Amino acid sequence: MAMESEGTALDMDVVVRGVTHAMEDKNKSTYVIAHADGKAIGSLMLTKEWSDWTDKWYWWIQSVYVKPEYRGKGVYKAMYNKVKEAAKAENISQVRLYVDKTNIRAQKVYQKSGMHESHYLLYEEDI
């Protein structure tokens with residue numbers, strides 16, 4: 001997914017370790033997985049952010065992936081609808097995500113799902 005969406009090669013051992021830690025600790029993240037014919041066809045990861053400004057929780061969608069043969073068939077929309085349903089049930093203030101600036105196809109999918117570009121820019125520094 002990282003190579004396809006951002007041109008980034010990941011260390012598989014690190015990714016497997018990270019996913020394992022995330023699945024073992026609900027405080028780290030939650031996965032939403034789409035299935036068809038008993039096989040996983042898409043997934044996304046949710047992480048939490050606390051806001052002292054609003055005294056509420058935000059959810060971040062990360063690591064979105066849908067197998068190529070299932071793209072354009074509503075798989076992401078179905079996963080996102082599950083996220084929204086759970087967010088409403090848990091009184092989550094807002095669902096957010098970030099997307100690579102060059103990934104226009106994904107941006108269109110997110111917009112079609114009801115999301116909009118925020119007024120924030122993302123800054124980072126490797127430490």
Side-chain angles (χ1 to χ4, degrees):
M1 172 200 59
M3 181 57 75
E4 183 180 331
S5 65
E6 300 176 21
T8 301
L10 300 178
D11 181 323
M12 187 57 76
D13 291 335
V14 173
V15 173
V16 169
R17 197 169 59 242
V19 170
T20 300
H21 288 148
M23 293 182 79
E24 290 173 346
D25 184 350
K26 290 271 186 201
N27 291 316
K28 285 189 172 71
S29 66
T30 301
Y31 288 92
V32 175
I33 302 171
H35 295 89
D37 302 320
K39 296 179 183 177
I41 61 168
S43 64
L44 60 81
M45 181 180 73
L46 294 173
T47 57
K48 299 186 287 186
E49 172 190 359
W50 177 255
S51 172
D52 56 349
W53 285 15
T54 62
D55 191 28
K56 294 182 180 179
W57 285 103
Y58 295 82
W59 279 354
W60 283 87
I61 294 175
Q62 298 176 259
S63 301
V64 176
Y65 185 76
V66 175
K67 286 187 172 184
E69 61 269 27
Y70 290 95
R71 293 179 188 165
K73 298 180 180 179
V75 175
Y76 173 77
K77 184 177 182 178
M79 291 190 297
Y80 185 56
N81 285 338
K82 289 286 186 187
V83 168
K84 290 193 298 185
E85 185 180 298
K88 288 176 186 174
E90 293 193 35
N91 199 29
I92 300 303
S93 176
Q94 196 174 71
V95 177
R96 297 173 167 173
L97 61 75
Y98 52 85
V99 60
D100 190 276
K101 292 177 188 179
T102 64
N103 194 344
I104 304 304
R105 182 175 179 173
Q107 292 173 39
K108 288 180 181 178
V109 169
Y110 303 143
Q111 290 166 1
K112 189 175 179 182
S113 298
M115 300 187 94
H116 57 85
E117 189 174 336
S118 88
H119 63 276
Y120 291 106
L121 293 174
L122 176 68
Y123 285 79
E124 64 185 7
E125 179 181 3
D126 292 341
I127 305 295

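Note that the structure is a prediction, hence the values are computed from the model and not measured. Keep in mind that the numbers below use all heavy atoms, side chains included, and drop hydrogens, waters and symmetry copies.
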Enquirer: For residues Y110 and I61, determine if any side-chain heavy atom of one lies less than 4.5 Å from a side-chain heavy atom of the other.
Expert: no

Enquirer: Atom CD of residue position E69 - does it have more than 12 heavy atoms of other residues, nucleotides or ligands inside 6.0 Å?
Expert: yes

Enquirer: Would you list the atom pairs, donor with acceptor, under 3.5 Å between side chains in residues 44-55 and any protein atom, with sequence neighbours excluded?
Expert:
unit_1	atom_1	unit_2	atom_2	d
T47	OG1	Q62	OE1	2.6
E49	OE1	W60	NE1	2.5
S51	OG	W53	N	3.2
S51	OG	T54	N	3.2
S51	OG	T54	OG1	3.2
T54	OG1	K56	N	3.4
T54	OG1	Y58	OH	3.3

Enquirer: Would you call I104 and K108 a side-chain contact if the rule is heavy atoms closer than 4.5 Å?
Expert: yes

Enquirer: Which heavy atom in G42 sits nearest to a heavy atom in V75, and how many Å separate them?
Expert: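 Minimum heavy-atom separation between G42 and V75: CA-CG1, 4.5 Å.
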
Enquirer: For Y76 and V66, work out which heavy atoms get closest and say how close.
Expert: N-CG2, 4.2 Å

Enquirer: Once rounded to the nearest 0.5 Å, what's the spacing between atom CD1 of I92 and atom CH2 of W59?
Expert: 5.0 Å

Enquirer: Would you give the length of the straight line joining atom OG of S113 to atom CE of M79, rounded to the nearest 0.5 angstrom?
Expert: 9.5 Å

Enquirer: Which residue pairs satisfy the side chain to side chain donor-acceptor pair (under 3.5 Å) criterion with at least one member in residues 28-41, sequence neighbours excluded?
Expert: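 Pairs touching residues 28-41 that pass the test: D25-K28.
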
Enquirer: Any chance you could measure I41, atom CD1, to R71, atom CZ, to the nearest 0.5 Å?
Expert: 11.5 Å

Enquirer: Other than L121, which residues form its hydrophobic cluster under the rule that side-chain heavy atoms must be closer than 4.5 Å?
Expert: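 Joined to L121, directly or through intermediates: Y123.
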
Enquirer: Below 4.5 Å, heavy atoms only, C-beta onward: do W57 and E90 meet side chain to side chain?
Expert: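 No - every pair of side-chain heavy atoms lies 4.5 Å or more apart.
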
